[in-house]
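Lettering follows sequence order; numbering is per chain, from 1. No hydrogens, no waters, no symmetry mates; every other heavy atom, side chains included, goes into these values.
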Amino acid sequence: MSVDYKSTVFLPRADSFPMRARLPQREPETLRAWEDMDLFAKVREVSEGREKYILHDGPPYANGHLHMGHALNKILKDVINRGMQMLGYDAHYVPGWDCHGLPIEWKVEEGYRAQGRDKDKVPVTEFRRECREFADKWIGIQIEEFKRLGVLGNWEKPYTTMSYDAEAQIVRELGKFLVGGGLYRGARPVLWSVAEKTALADAEVEYHDHTSHTIWVRFPVVQAGAPALDGARILIWTTTPWTIPGNRAVAFSPNSTYVVIQVKAAGENDLVVPGERLAVAKDLLEQVAHDAKLTDYEVVAELSAAELEGTVCAHPLRGQGYEFDVPVLPGDFVTMEQGTGFVHVGPGHGTDDWLLARKHGLEIPENVDDDSVFRDNVPLFAGTRIYKPDGKEGDANARIIEVLKGAGALMQQGRQRHSYPHSWRSKAPLIHRVTPQWFISMDTNGLRDKALAAIDETDFYPPAGKARLRSMIETRPDWCVSRQRWWGVPLPLFVDRKTGEPLRDPAVIERIAQAFEQEGGDAWFDSDPKRFLGDDYDPADYEQVRDIVEVWFDSGSTHAFVLEARPELKWPASLYLEGSDQHRGWFHTSLLESAGTRGRAPFDGVLTHGFVLDAKGHKMSKSLGNVIAPQDVMSEKGADILRLWVVASDYSEDLRIGEEILRYQVDAYRRLRNTLRYLIGNLADFAGEERLPESEMPELERWVLHRMAELDSVVREGCRRYDYMTIYRELYHFCAVDLSAFYFDVRKDSLYCDRPDSTRRRACRTVLDKLFDCLTAWLAPITCFTAEEAWWARGGGPEESVHLRTFPEVPAGWRDAGLQAKWDKVRRVRRVVTGALELERAEKRIGSSLQAHPTVHIADSELAEAVADVDLAEICITSAVTVSGEPAPAGAFTLDDVPGVAVVPELAEGSKCQRCWQVLPDVGRDAAAPDTCGRCADAVKHLGVAVG
RNA sequence: GGGCUGGUAGCUCAGCUGGUUAGAGCGCGCGCUUGAUAAGCGUGAGGUCGCAGGUUCAAAUCCUGCCCGGCCCA
């Protein structure tokens with residue numbers, strides 16, 4: 001009997017964009033399509049001549065698979081690049097890799113050990129070749145992994161620090177410091193790995209717990225600064241007995257008070273002599289007495305720090321080869337946390353010590369050799385060893401303790417577990433020792449000041465990065481750029497055998513650079529020195545340095561051999577973007593390198609992101625089993641999910657990731673995808689002629705346009721400020737709350753049932769078309785795969801890829817604050833209606849809201865005015881609404897936060913239209929379309945559909 | 001141990017220079033729809049704003065200490 005009108009309803013058709021996204025399968029297909037069309041080249045083509053935006057890639061290290069930190073870093077870079085590109089810039093992104101250095105060298109050595117080969121019997125260049133191959137292999141792997149994340153860049157021509165041109169330029173950069181006098185050879189304490197026989201960079205050091213000897217040693221006063229010290233002994237405490245032979249001073253805190261005590265008795269401690277007088281810090285007296293088991297003592301004097309000045313001690317081993325004086329000096333680094341308040345100073349074994357010694361012109365002994373063995377000239381201890389190659393303790397400490405005991409200098413000994421520096425590779429404990437190393441001076445040529453000034457000229461995101469970098473530059477010591485290893489750029493230095501001075505000749509440097517450009521750094525080892533020295537110098541007069549350049553200088557020079565060398569880029573970079581650890585890493589060294597050679601930073605802006613933590617906010621680690629690999633997310637959920645996670649998170653802090661968090665992103669993704677799908681479905685047969693000028697549109701449409709104008713600002717501003725979290729939140733809210741829950745829901749009736757030529761439907765579809773245009777563009781930097789899929793699903797636009805577009809221009813006229821204010825009020829009234837209907841549903845009086853005909857009593861004049869010319873039935877999705885100015889009857893439905901509105905729900909009169917399901921009085925009047933309302937009957941007839 | 005940084009509902013985030021019952025979305029519970037359906041709509045319940053003090057008429061917002069996390073450094 002009843003007619004099936006479904007075929008006359010214009011339901012969305014979105015087969016080309018299914019909800020089942022299958023991202024793990026589809027994304028690789030999209031990638032292939034991009035490769036086939038050479039998307040990156042095309043993007044470059046369309047942006048030719050535009051202002052450049054250059055995000056210079058901080059090079060990841062070429063070993064191992066990507067982890068979540070890499071994924072975060074590269075996705076963030078990609079989102080920003082794409083955003084700037086769509087903002088209208090030419091954002092040419094060149095990825096790069098850091099290739100030299102110990103980790104790779106170590107890996108290759110591990111292979112040697114496994115094969116029983118001896119590294120020392122392999123020619124340097126063969127070893128280096130294997131390192132190069134190792135790096136090459138991992139670059140290839142990482143390229144594929146980065147591409148899978150959706151990262152768009154110049155993968156055809158990435159940069160590497162081991163390319164010949166890079167190695168050559170690194171030599172030239174170092175040459176600038178050399179010729180300018182900023183590079184010098186110095187002896188100063190470095191953290192030295194006995195196991196690897198090399199100095200380590202700060203970044204190569206890890207702190208682990210380590211059990212050390214602790215000793216309390218007495219230094220006899222030979223020249224008292226204050227009478228109370230006459231004949232007394234100064235007590236020091238240290239965890240490194242082996243530094244005692246290197247002692248040259250004792251330091252005290254200039255802000256503390258000290259005491260002299262007389263020992264009366266000591267229990268179970270025959271190393272203390274009753275009657276002797278000892279000087280210690282007042283605050284630490286009790287602790288010292290307890291540790292040294294002084295059972296009875298008396299404070300005989302109290303001394304200010306100033307009274308200590310001028311005091312001189314003897315070395316505790318005076319008479320056995322240690323005859324020099326040991327001055328007692330003020331030192332800011334002395335703390336009252338542990339020990340005695342006096343710190344023994346070994347200028348060769350600590351930075352504080354070294355600085356103090358330099359300040360007071362003390363000797364800086366080089367007591368220990370590469371193997372941590374005391375040299376022949378060290379009395380009593382020559383030949384003893386601090387650490388064995390496997391990191392175990394040698395015989396030095398025991399011997400020193402024994403000798404101190406014999407000399408009556410030792411007062412007490414023990415052990416303490418504490419944090420201690422270790423090598424990141426061998427995990428062996430390190431020592432501080434002075435070695436001849438090459439340094440870039442922070443002060444020659446005003447490098448520190450230049451760098452600090454450059455920081456002030458730089459924009460930091462978030463701003464806190466500025467202070468962080470600044471404080472590091474302010475306090476850092478000279479930059480040690482030499483390493484005693486094989487895999488790196490050779491230090492291009494010849495040292496005059498007579499003077500010990502390096503040859504500072506630009507021509508020599510340039511000859512070295514030329515050779516490296518042709519053959520790479522291997523040329524250094526393969527060539528006769530004459531090749532570099534030319535005819536001007538006699539090779540016999542010079543020693544060729546065999547050290548290599550530390551890797552941070554390599555990466556600090558990328559701006560020179562990438563940004564300056566490639567005409568398609570620009571110097572300085574628009575932005576450097578890395579994790580917050582790079583304040584001491586790449587940001588830091590790039591700044592120093594560039595400030596030293598070019599007088600300014602190689603970047604206009606610096607952006608730092610936090611670290612990826614697990615769901616509970618803890619560091620990811622294999623041992624905790626809380627590691628989430630990007631490859632797994634990729635194969636289970638898809639890159640767009642990971643990309644959503646990145647932009648939904650506040651990258652300025654640490655980011656958490658976990659199963660629940662990812663599931664949340666999957667849900668969010670589905671919502672966004674469904675929004676696109678709804679647009680595509682309702683625009684399936686949209687023709688350009690259908691478009692309606694904005695001026696002829698209903699207010700509801702113009703309200704959507706207004707919202708689009710707002711979103712446009714959010715997107716553009718967010719891109720400029722790298723604030724994607726806000727973009728994401730606003731976009732999502734717009735899709736879920738404004739569109740899906742309101743606009744789409746309200747306009748469903750019109751889209752499905754109105755005549756295609758009706759103004760209302762045409763206006764709506766015009767807006768849907770604009771929405772599609774905007775949303776695909778706005779989402780393109782974020783969900784790059786899905787935005788493209790949607791773009792293609794509609795048959796594509798004028799551009800063959802969504803990524804060739806820029807953000808659509810949104811006419812300023814779309815903004816209408818008055819309309820916004822009015823429709824906010826309309827929606828407030830709507831909420832009261834939907835609330836009332838919910839009660840009706842609970843009471844089972846209605847199911848669909850179309851069954852209702854509420855009466856809305858509005859006492860609030862502003863709300864009444866807002867609603868006056870609005871079809872509330874349409875907006876509330878009911879079949880009818882009666883608006884009344886009469887006072888509401890008792891029991892009418894109200895909401896506390898919408899005063900002045902009361903709703904009395906009733907059932908709609910009439911019968912249900914079989915086409916639009918509204919309940920209307922005029923259903924069934926037109927025999928040509930039985931059981932339909934007037935609007936639908938007209939639509940059906942217009943369609944010319946045979947009914948019945 | 002030091003510097004920097006953070007700790008707001010189950011989750012991701014808003015809450016500006018202190019001022020009514022701390023917000024949003026998601027998730028969850030309940031209901032509707034079954035013509036966005038591996039969808040959509042409505043609605044409800046969730047928070048001692050890390051803890052403890054203090055300043056103030058008033059603090060999630062300011063101060064101090066502590067606890068827990070992170071980065072960097074020693």
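Rounded to a whole Å, the NZ atom of A:Lys616 is 13 Å from the P atom of B:rU12. If you take CG of A:Leu655 and P of B:rG69, they are 19 Å apart, rounded to a whole angstrom. Look at CG on A:Asp745: it is 12 Å from C1' on B:rA39, rounded to the nearest Å. Summarising the geometry, the separation between CG on A:Leu768 and C1' on B:rA36 is reported as 12 Å, rounded to the nearest angstrom. Note: CG (A:Asp654) to P (B:rU12) measures 13 Å, nearest angstrom. Across the protein-nucleic acid pair, A:Leu751 atom CG and B:rA39 atom C1' stand 16 Å apart, rounded to whole Å. In this structure, A:Leu739 atom CG and B:rA36 atom C1' are separated by 13 Å, rounded to whole Å. Whole-Å rounding puts the A:Leu624 CG to B:rG69 C1' distance at 13 Å.
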TODO: Take A:Arg677 and A:Glu789, measure what salt bridge (Lys or Arg N to Asp or Glu O under 4.0 Å) needs, and give me the verdict at the end.
DONE: CA-CA 11 Å; A:Arg677 178 174 146 87; A:Glu789 190 191 339; over 6 Å; no

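Base pairing of B:rU34: no nucleotide in any strand meets the Watson-Crick or G-U wobble criterion (both distances under 3.5 Å). The partner of B:rA58 is absent, by the rule that a Watson-Crick or G-U pair needs both atom distances under 3.5 Å. Across the strands present, B:rC11 finds its partner in B:rG25; the criterion is a Watson-Crick or G-U wobble pair with both atom distances under 3.5 angstrom. For B:rG1, the paired nucleotide is B:rC73, the pair qualifying as Watson-Crick or G-U wobble because both relevant distances are below 3.5 Å. Pairing for B:rG46 is absent, with no Watson-Crick or G-U wobble pair whose two atom distances lie under 3.5 Å.
Between A:His432 and A:Trp354, the distance from one ring center to the other does not fall under 6.0 angstrom. Ring to ring, A:Phe10 and A:Tyr752 are not that close: their centroids are 6.0 angstrom or more apart.
Proximity of A:Arg915 to the phosphate of B:rG35: no side-chain N or O atom is located under 4.0 Å from OP1 or OP2. At least one side-chain nitrogen or oxygen of A:Lys6 sits closer than 4.0 Å to the OP1 or OP2 atom of B:rG35. Note on A:Lys466: every side-chain N or O is 4.0 Å or more away from OP1 and OP2 of B:rC4. Note on A:Arg677: a side-chain N or O is less than 4.0 Å away from OP1 or OP2 of B:rU37. For B:rG40, the OP1/OP2 oxygens have no side-chain nitrogen or oxygen of A:Lys748 closer than 4.0 Å. Distances shorter than 4.0 Å separate some side-chain N or O of A:Thr834 from OP1 or OP2 on B:rU43.
Here the nucleotide nearest the side chain of A:Arg671, chosen from B:rG42, B:rC11, B:rC41, is B:rC41. Of the candidate nucleotides B:rG70, B:rC11, B:rA36, B:rG70 has the atom lying nearest to any side-chain atom of A:Phe611. Of the candidates B:rU12, B:rC13, B:rG40, B:rU12 carries the atom nearest the A:Tyr664 side chain, counting heavy atoms from C-beta on. Taking only side-chain atoms of A:Tyr752, from C-beta outward, the nucleotide of B:rG42, B:rG25, B:rA36 with the closest atom is B:rA36. Relative to the side chain of A:Met472, the nucleotides B:rC72, B:rU12, B:rA36 differ in distance, and B:rC72 lies closest. Listed nucleotides B:rU12, B:rC72, B:rG40 differ in distance to A:Arg584; the shortest reach to its side chain belongs to B:rC72. Side-chain atoms of A:His618 lie closest to B:rG69 of the nucleotides B:rC71, B:rG69, B:rU12.
Side-chain atoms of A:Arg20 come within donor-acceptor range of the base of B:rA38, with a qualifying N/O pair under 3.5 Å. The base of B:rG25 does not come close enough to the side chain of A:Tyr728 for any donor and acceptor atom to sit less than 3.5 Å apart. A donor-acceptor contact under 3.5 Å is formed by the side chain of A:Ser740 with the base of B:rA36. Side-chain N/O atoms of A:Arg468 and base N/O atoms of B:rC71 include a donor-acceptor pair closer than 3.5 Å.
Ring pair A:Phe252/A:Phe342 is perpendicular by interplanar angle, where above 60° counts as perpendicular and below 30° as parallel.
Listed for the A:His588 side chain is no donor-acceptor partner under 3.5 Å among the backbone atoms of A:Gly585.
Using a cutoff of 4.0 Å between basic side-chain nitrogens and carboxylate oxygens, A:Arg707 and A:Glu710 are scored as salt-bridged.
The same atom, C1', is picked in B:rA14 and in B:rC51; the two are 24 Å apart, to the nearest Å. Only the C1' atoms considered, B:rC13 is 14 Å distant from B:rG27, to the nearest whole Å.
A:Phe17 is listed as a side-chain neighbour of A:Thr786, based on a closest heavy-atom distance under 4.5 Å.
Classified by its glycosidic torsion, B:rG46 falls in the syn category, the angle being within 90° of 0.
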